[in-house]
Peer 1: 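One structure, pasted below without further comment.
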Protein chains: 2
Amino acid sequence: MATPANLPHPTRADLDLPSVLFALSDPERLDIVRQLRSGPLDMADCSLRVPDMPKSTKSHLMKVLREAGVIRNEANGRGRRLTLRSEDLEARFPGLLPAVLDAPAQ
Amino acid sequence: MATPANLPHPTRADLDLPSVLFALSDPERLDIVRQLRSGPLDMADCSLRVPDMPKSTKSHLMKVLREAGVIRNEANGRGRRLTLRSEDLEARFPGLLPAVLDAPAQ
DNA sequence: AGGTTGGTTCGAAAAATATCGAATCAATAG
DNA sequence: CTATTGATTCGATATTTTTCGAACCAACCT
């Protein structure tokens, strides 16, 4: 129940389309991904729609995105640095991420 | 508990990205969508991975795809005609469907 | 008319996800 | 060193989704 320095991430080759689509199919998670489009973000700076969301819930959202290979989650000082895995996603599923991100916001 | 001649379908403007992504996030449903890429298909001719799937389960898969606006499901003689709503999806989420369909099969 | 085929709907049970408090840890601040 | 901050994990509960039999219906036979 610690805060491991590095969490497991799937390799590019292991990216699975249904898992990626599922991770992106939640408005809250999609919103996080949209925020990461312009570049990496400290998890603490990543704003949620639900402002008073418990941190365990927030952590779980990140876990789904990370395990699907959508984001990278690395230790960074006291917090966490989140990065959108654009290149890996583009290599494996060309055009998918741009199409999702360019879609009209709900 | 009847077999209504026409089922409700969302309009193009009502298409919701998370719902569409969710509908596509299941391997079985994605497989159905792939089969519809080349054109409409009678539901009976639509082959499933699980060959002995109960018809109520199969019907439920179609319901999720239909309610998300991914496919159209119309009465056709004794059976049902399934059509991929490519144009509506392309108009609302440009590039999304091609990206999903062109992605390497899992 | 009666039987068969193809498919939807309901309802209940099973499985998967989400939510969130508590415990825990690591890095930093004081 | 001690306290605070930022975040993961566990465990339990709540919610959502899936599965599937039963009932039902409409179209097509014979």
Side-chain angles (χ1 to χ4, degrees), chain A residues 1-9 16 18-32 35-36 40-68 70-83, chain B residues 1-9 16 18-32 35-36 40-68 70-83:
Chain A
M1 328 145 180
T3 302
N6 47 339
L7 267 26
H9 292 78
D16 170 68
S19 304
V20 169
L21 294 176
F22 179 78
L24 297 174
S25 74
D26 176 70
E28 203 81 44
R29 289 192 296 255
L30 190 52
D31 199 55
I32 294 167
Q35 292 179 46
L36 294 176
L41 225 54
D42 279 351
M43 187 165 161
D45 298 340
C46 173
S47 67
L48 278 295
R49 321 187 139 185
V50 183
D52 54 344
M53 175 180 289
K55 51 184 178 177
S56 55
T57 303
K58 187 175 179 181
S59 192
H60 181 253
L61 291 177
M62 302 306 177
K63 183 181 185 183
V64 173
L65 287 168
R66 172 179 52 84
E67 288 182 339
V70 175
I71 67 174
R72 203 180 312 276
N73 180 341
E74 299 159 308
N76 177 39
R78 168 165 38 185
R80 291 266 154 190
R81 164 66 47 116
L82 304 179
T83 313
Chain B
M1 334 152 178
T3 303
N6 47 338
L7 266 28
H9 292 78
D16 171 68
S19 304
V20 168
L21 294 176
F22 179 79
L24 297 174
S25 74
D26 175 70
E28 202 83 44
R29 289 192 296 255
L30 190 52
D31 199 54
I32 293 168
Q35 292 178 47
L36 294 176
L41 224 54
D42 280 351
M43 187 165 160
D45 297 340
C46 173
S47 67
L48 280 295
R49 320 188 142 183
V50 183
D52 54 344
M53 175 181 289
K55 52 185 180 176
S56 54
T57 303
K58 187 176 179 181
S59 191
H60 182 254
L61 291 177
M62 301 306 176
K63 183 182 186 181
V64 174
L65 288 168
R66 172 179 53 83
E67 289 181 339
V70 175
I71 66 174
R72 202 180 313 275
N73 180 343
E74 298 160 308
N76 178 39
R78 169 164 35 186
R80 291 266 153 191
R81 164 67 46 116
L82 304 179
T83 313

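These numbers come from the heavy atoms of this one structure, side chains and all, not from hydrogens, waters or symmetry mates.
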Peer 1: Nearest whole Å is fine: how far is C:dG7 P from B:Asp42 CG?
Peer 2: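 So the CG-P distance, B:Asp42 to C:dG7, works out to 7 Å.
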
Peer 1: B:Leu48 CG to D:dT18 C1': how many Å, rounded?
Peer 2: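 Interatomic distance, CG of B:Leu48 to C1' of D:dT18: 14 Å.
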
Peer 1: Would you say B:Ser56 reaches D:dC20's phosphate, i.e. side-chain N/O to OP1/OP2 under 4.0 Å?
Peer 2: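 Answer is no, no contact under 4.0 Å.
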
Peer 1: Ignoring backbone atoms, establish whether B:Thr57 has a side-chain N or O less than 4.0 Å from OP1 or OP2 of D:dT19.
Peer 2: no

Peer 1: State which of C:dT8, C:dT5, D:dC20 makes the closest approach to the side chain of B:Pro54.
Peer 2: D:dC20

Peer 1: Test your reading of the model: is there a side-chain donor-acceptor pair from A:Arg66 to the backbone of A:Pro8, 3.5 Å cut-off?
Peer 2: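 Such a contact is found between A:Arg66 side chain and A:Pro8 backbone.
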
Peer 1: From CG of A:Leu41 over to P of D:dG6, roughly how many Å is that when rounded to an integer?
Peer 2: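 Interatomic distance, CG of A:Leu41 to P of D:dG6: 14 Å.
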
Peer 1: Nearest-Å distance, CG (A:Leu7) to P (C:dC25)?
Peer 2: 16 Å

Peer 1: In whole angstrom, what separates B:Leu61's CG from C:dG7's P?
Peer 2: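 These atoms are roughly 13 Å apart.
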
Peer 1: Nearest heavy atom decides the nucleotide; on that basis, is A:Gly79 or B:Gly77 closer to the 5' end of DNA chain D?
Peer 2: A:Gly79

Peer 1: Please table the atom pairs, donor to acceptor, closer than 3.5 Å between any side-chain atom in residues 20-31 of chain B and protein atoms at least two apart or in another chain.
Peer 2:
from: B:Ser25; atom 1: OG; to: B:Phe22; atom 2: O; distance (Å): 2.7
from: B:Asp26; atom 1: OD2; to: B:Glu28; atom 2: N; distance (Å): 3.2
from: B:Asp26; atom 1: OD2; to: B:Arg29; atom 2: N; distance (Å): 3.1
from: B:Glu28; atom 1: OE2; to: B:Arg49; atom 2: N; distance (Å): 3.0
from: B:Arg29; atom 1: NE; to: B:Ala23; atom 2: O; distance (Å): 2.8
from: B:Arg29; atom 1: NH2; to: B:Phe22; atom 2: O; distance (Å): 3.2
from: B:Asp31; atom 1: OD2; to: B:Gln35; atom 2: NE2; distance (Å): 3.3

Peer 1: Counting only side-chain N and O atoms of B:Arg29, is one of them less than 4.0 Å from OP1 or OP2 of D:dT18?
Peer 2: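 Yes, within the criterion.
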
Peer 1: Which is true for B:Met43 with a 4.0 Å heavy-atom rule: it touches a base, it touches only sugar-phosphate, or it touches nothing?
Peer 2: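 Sugar-phosphate, no base atom in range.
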
Peer 1: How close or far is atom P of C:dG6 from atom CE of B:Met53, stated in whole angstroms?
Peer 2: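 Going from B:Met53 (CE) to C:dG6 (P), I get 17 Å.
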
Peer 1: Given atom NZ of A:Lys63 and atom C1' of D:dA7, what is their separation to the nearest angstrom?
Peer 2: 13 Å

Peer 1: Nearest whole angstrom, please: distance from the C1' of C:dG21 to the CG of A:Asp52.
Peer 2: 14 Å

Peer 1: Tell me the closest heavy-atom pair linking B:Pro40 and B:Arg81, and the distance in Å.
Peer 2: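 Here B:Pro40 and B:Arg81 meet closest at CB-CD, 3.4 Å.
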
Peer 1: Counting the atoms with a prime plus P, OP1 and OP2 as sugar-phosphate, which does A:Met62 contact under 4.0 Å by heavy atoms, base, sugar-phosphate, or nothing?
Peer 2: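 It contacts nothing in the nucleic acid.
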
Peer 1: Given D:dA27, C:dA18, D:dT19, identify the nucleotide with an atom nearest to the side chain of A:Val64.
Peer 2: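 Nucleotide nearest to A:Val64's side chain: C:dA18.
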
Peer 1: So, for A:Lys58 and A:Met43, which heavy atoms are closest and what is the spacing to 0.1 Å?
Peer 2: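 Looking at all heavy atoms of both residues, the closest pair is NZ-O, 3.1 Å.
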
Peer 1: Quick one: is D:dT8 close enough that its OP1 or OP2 comes under 4.0 Å of any side-chain N or O from A:Asn73?
Peer 2: yes

Peer 1: Looking only at heavy atoms, what is the nearest atom pair of A:Met62 and A:Cys46, with distance?
Peer 2: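 For A:Met62 and A:Cys46, the tightest heavy-atom pair comes out as CE-SG, 4.1 Å.
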
Peer 1: Which comes earlier along DNA chain C counting from the 5' end, the contact point of A:Phe22 or that of A:Lys55, where each point is its nearest nucleotide?
Peer 2: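 So the residue in question is A:Phe22.
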
Peer 1: If you check the A:Arg78 side chain, which of C:dT9, C:dA27, D:dA27 turns out closest?
Peer 2: C:dA27

